[in-house]
Engineer: 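If you scroll down you'll find the structure; I have some questions about it.
Throughout, residue positions are numbered sequentially from 1 according to the sequence presented. What you see is a predicted model, and the numbers here were worked out from it, not measured in a lab.
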Amino acid sequence: MSGPSDMGSMEPQQSHSYFVPMVDMLAGVVFILIVLLVSANLVSRDDFVTAQKAQSSAPAGKATPANDLPLDPRRQVELATRMLLDRLSQALEARGYHVDSNVAEGRLTITEVDAFAASQPGLSQQGDALVSALAGALSTELPCLNGAARTAQRCRGYPDVRLETAQVEVVPGSGSQADQVLADSRALSVMSATIGRQPGLLALRSPGGVGLFTYAAASPAPLAAINLRFQFAERGRGR
């Protein structure tokens, strides 16, 4: 049995410290502030607020369909461009035409068709047939992107955006001035004949009230081609 002298000789036990360094506390506070700042920024975005309003205005017990919710404007334009090019491609390919598309450039390219009279701006017989098919396809799709009721059956699926320009381009065989002038005249022939087949296309307007259709000579390339290049307004309808 140990005596008092033995107890006195024992070293005092070290106590555990629960002290949190001040630097760690500050780091935690800063992290929380960053999370709150990012969350506030996301919630204040226009598309988030608009989506929340759309959800809150939906009838009780009925959720808003996902594809009816507003998207970021750039995403809307990309989706509209893709849908427009896909639908035009399908319509023209069903008539036997070879079509390529580029969503990033908003461009539809029609190749492998002898659309013009030799060294002349006027359309050939094949060109007349192409223009007829093109006019029919454009008159079906473009009104959906120019203020037509979104409830129209043919317009289902298009996002709420407005088309600003539809440019007809003819690719010249070289960069010479003569070929550039000829391609420019041929583009005018295609545009005029297309509108002549479907006069309603002439009534379509950009958000600024200007006619949609323009024409130009494209960059020269070895293979003859006709381009349709579409550009959308930066903001959707009603914004």
Engineer: In Å, rounded to the nearest 0.5 Å, how long is the span from CG of Leu134 to CD of Gln198?
Structural biologist: 10.5 Å

Engineer: Closest approach of Tyr158 and Ala80, non-hydrogen atoms and distance?
Structural biologist: CE2-O, 4.0 Å

Engineer: Run the side-chain contact (heavy atoms from CB on, under 4.5 Å) test on Phe213 and Thr165 for me, step by step, so that the C-alpha distance in whole Å, both residues' side-chain angles and the decisive distance to 0.1 Å come before the verdict.
Structural biologist: CA-CA 6 Å; Phe213 285 89; Thr165 59; over 6 Å; no

Engineer: What is the distance from atom CD of Gln120 to atom OG of Ser189, rounded to the nearest 0.5 Å?
Structural biologist: 10.0 Å

Engineer: Do Ser101 and Arg107 come within less than 4.5 Å of each other through their side chains, counting heavy atoms only?
Structural biologist: no

Engineer: Please answer whether the main-chain N or O of Ala225 pairs with a side-chain N or O of Thr109 as donor and acceptor at a distance below 3.5 Å.
Structural biologist: no

Engineer: Quick one: closest heavy-atom pair of Arg156 and Arg87, and the distance?
Structural biologist: O-NH2, 3.0 Å

Engineer: Is Asp128 paired with Arg197 through a side-chain N to carboxylate O contact shorter than 4.0 Å?
Structural biologist: yes

Engineer: Does Phe232 have Arg74 sitting over its ring (NZ/CZ under 6.0 Å from centre, angle to axis within 45°)?
Structural biologist: no

Engineer: Is Val210 linked to Leu145 within one hydrophobic cluster, defined over Ile, Leu, Val, Met, Phe, Trp and Tyr using a side-chain heavy-atom separation of less than 4.5 Å?
Structural biologist: no

Engineer: Mind listing the closest non-hydrogen atom pair of Ala183 and Pro172 along with its distance?
Structural biologist: CB-CB, 3.8 Å

Engineer: As an exercise, state the distance from CG of Leu37 to CD1 of Ile32, rounded to the nearest 0.5 Å.
Structural biologist: 13.5 Å

Engineer: Judged by atom type as modelled, is there a donor-acceptor pair below 3.5 Å linking the side chain of Tyr215 to the main-chain atoms of Glu169?
Structural biologist: no

Engineer: How close do Leu163 and Gln231 get, counting heavy atoms only, and between which atoms?
Structural biologist: CD1-O, 3.5 Å

Engineer: Would Val103 and Leu108 show up in the same hydrophobic cluster when neighbours are defined by side-chain heavy atoms closer than 4.5 Å?
Structural biologist: yes

Engineer: Using a 4.5 Å cut-off between side-chain heavy atoms of Ile, Leu, Val, Met, Phe, Trp and Tyr, which other residues end up in the same hydrophobic cluster as Phe31?
Structural biologist: Val35

Engineer: Let's go through Val190 and Ile226 carefully: what are the C-alpha distance in whole Å and the side-chain angles of both, what is the deciding distance for side-chain contact (heavy atoms from CB on, under 4.5 Å) to 0.1 Å, and is it a yes or a no?
Structural biologist: CA-CA 9 Å; Val190 173; Ile226 297 174; 4.2 Å; yes

Engineer: Quick one: closest heavy-atom pair of Ser119 and Arg186, and the distance?
Structural biologist: N-NH2, 3.5 Å

Engineer: Is there a path of hydrophobic side-chain contacts, each under 4.5 Å between heavy atoms of I/L/V/M/F/W/Y residues, joining Phe116 to Leu182?
Structural biologist: no

Engineer: From Asp100 CG over to Asn227 CG, what is the distance, rounded to the nearest 0.5 angstrom?
Structural biologist: 10.0 Å

Engineer: Hey, quick one: are Met191 and Leu228 part of the same hydrophobic cluster, counting side-chain heavy atoms closer than 4.5 Å, chains of contacts allowed?
Structural biologist: yes

Engineer: Go through the side-chain N and O atoms of Tyr97 and Glu112 and say whether any donor and acceptor fall under 3.5 Å apart.
Structural biologist: no

Engineer: Could you check Leu88 against Glu141 for side-chain contact (heavy atoms from CB on, under 4.5 Å), going step by step and ending with a plain yes or no?
Structural biologist: CA-CA 8 Å; Leu88 292 177; Glu141 301 302 329; 4.0 Å; yes

Engineer: Hey, does Pro143 have a side-chain heavy atom less than 4.5 Å from the side chain of Arg154?
Structural biologist: yes

Engineer: Same hydrophobic cluster for Val181 and Leu188, using side-chain heavy-atom links shorter than 4.5 Å among ILVMFWY?
Structural biologist: no

Engineer: Calculate, to the nearest 0.5 Å, the distance between atoms CZ and CG belonging to Arg75 and Asp72 respectively.
Structural biologist: 9.5 Å

Engineer: State, without any angle test, whether Ser206 and Glu164 hold a side-chain donor-acceptor pair at a distance under 3.5 Å.
Structural biologist: no

Engineer: Passes side-chain contact (heavy atoms from CB on, under 4.5 Å), Leu212 versus Arg205? Steps please.
Structural biologist: CA-CA 5 Å; Leu212 286 184; Arg205 291 287 183 267; 6.0 Å; no

Engineer: Could you check whether any side-chain heavy atom of Thr214 comes within less than 4.5 Å of a side-chain heavy atom of Val168, counting everything from C-beta outward?
Structural biologist: no

Engineer: Which atom names give the shortest non-hydrogen contact between Ala218 and Val171, and what distance separates them?
Structural biologist: CB-CG2, 3.9 Å

Engineer: Hey, what do you get for CG (Asp179) to OG (Ser174), rounding to the nearest 0.5 Å?
Structural biologist: 3.5 Å

